[in-house]
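By convention in this document, chain letters (A, B, ...) are assigned in the order of the sequence lines, proteins followed by strands, and residues within each chain are numbered from 1.
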Amino acid sequence: MEWPRTVDDAVALQERLRTQVITTSAPDLHINTVAGLDVGYRSNDTVAGVCVVFDAKTLVVLDEVVVEDTTDFPYIAGLFAFREMPVLLRALDRVTVVPDLLVADGQGLAHPRRFGLACHLGVHTGIPSIGVAKNAMGRFEEPGHARGSMSDLVMDDEVVGRALRTQDGVKPVFVSVGHKIDLDRACAEVLRLAPRYRLPETTRRADTLTKQAASTG
DNA sequence: GCGACAG
DNA sequence: ATCTTGTCGC
């Protein structure tokens, strides 16, 4: 696969790939397995990538993989997919259960060029994907207090995602489409993945493994 | 020039 | 992301 080495090349690649994003769900999209992907940092250039696959209905963990790697691309808001993609793809490759949906720890279309990490993962693999971020990249009005309440996430006068309250009274999470799924479905899946805590189980588990790898071998 | 800026 | 203890609350 082609990989940029400079900021300009990275931006150009995103501009080119963004045209391939599909923001609708196939009529036969059945989500039985969901993968959570996350990256942890041991040092400035040593990373641990995690891919955890859950049964979407029971939220039972079916498989989980942790891989370590090094990275040379620096963290730049808007380009951080180039820092995390390589490790995540390696982790995804080693998983034995093929996921029907990828949940990225970050943005999808809610990105300056409408091509965040979730879009990169989706377009690269062809697997439906969504982004669930803890912080917003864009403006939004506070959603209602109750779990399930949501409001538009707006960037440049364009709706790029949604602020979604996953639990009563907690800070909302920011959901945006990555690829091959519509926003309503994306939000419904996030709610199903977060029956008890603010963050979806996919993110929680991946994050735990990520930190475990960072402190262990 | 100044402030914003996923992880 | 990461540096970091106890503590208040359901």
message: Any carboxylate oxygen within less than 4.0 angstrom of a Lys/Arg side-chain nitrogen, looking at Asp105(A) and Lys134(A)?
response: yes

message: If I take atom CG in residue Asp207(A) and atom C1' in nucleotide dG7(B), what distance separates them, rounded to the nearest angstrom?
response: 11 Å

- line: When rounded to whole Å, the CE to P distance for the pair Met85(A) and dG7(B) reads 17 Å

- prompt: Is Phe80(A) touching bases, backbone alone, or none of the nucleic acid, heavy atoms closer than 4.0 Å?
  reply: base

field: Atom pair distance, as rounded to whole Å: NE2 in His111(A) and C1' in dA4(B)
entry: 14 Å

message: Quick check, does Tyr75(A) stack with dG7(B)? I mean ring centres under 5.5 Å and planes off by under 30°.
response: yes

message: From CD of Gln212(A) over to P of dT2(C), roughly how many Å is that when rounded to an integer?
response: 14 Å

message: Under 3.5 Å, is there a donor on one side chain and an acceptor on the other for Thr70(A) and Asp72(A)?
response: no

Distance in angstrom units between Gln167(A) CD and dC10(C) C1', rounded: 13 Å

field: Under 4.0 angstrom between Asn135(A) side-chain N/O and dG7(B) OP1 or OP2
entry: yes

message: I want to check a possible cation-pi pair here: Arg204(A) against Tyr197(A), using under 6.0 Å from ring centre and within 45° of the ring axis as the test.
response: yes

- prompt: Looking for any heavy atom pair under 4.0 Å, which part of the strands does Gly78(A) touch: base, sugar-phosphate only, or nothing?
  reply: base

- request: Take atom OH of Tyr41(A) and atom P of dA6(B), then tell me their distance rounded to the nearest Å.
  value: 12 Å

- prompt: Which whole-number value in Å describes the distance from Lys211(A) NZ to dT2(C) C1'?
  reply: 9 Å

query: Under 4.0 angstrom, heavy atoms only, what part of the nucleic acid is Leu153(A) near: base, sugar-phosphate, or nothing?
result: nothing

task: Write down the distance between OH (Tyr197(A)) and P (dC10(C)), rounded to a whole number of angstrom.
output: 16 Å

- prompt: Of all the nucleotides listed (dA6(B), dT2(C), dG7(B)), which has the minimum atom distance to the side chain of Met137(A)?
  reply: dA6(B)

- prompt: Looking only at side chains, do Tyr41(A) and Glu84(A) share a donor and an acceptor under 3.5 Å apart?
  reply: yes

field: Reference residue Leu101(A); test side-chain contact (heavy atoms from CB on, under 4.5 Å); the match among Thr202(A), Thr33(A), Ile31(A)
entry: Ile31(A)

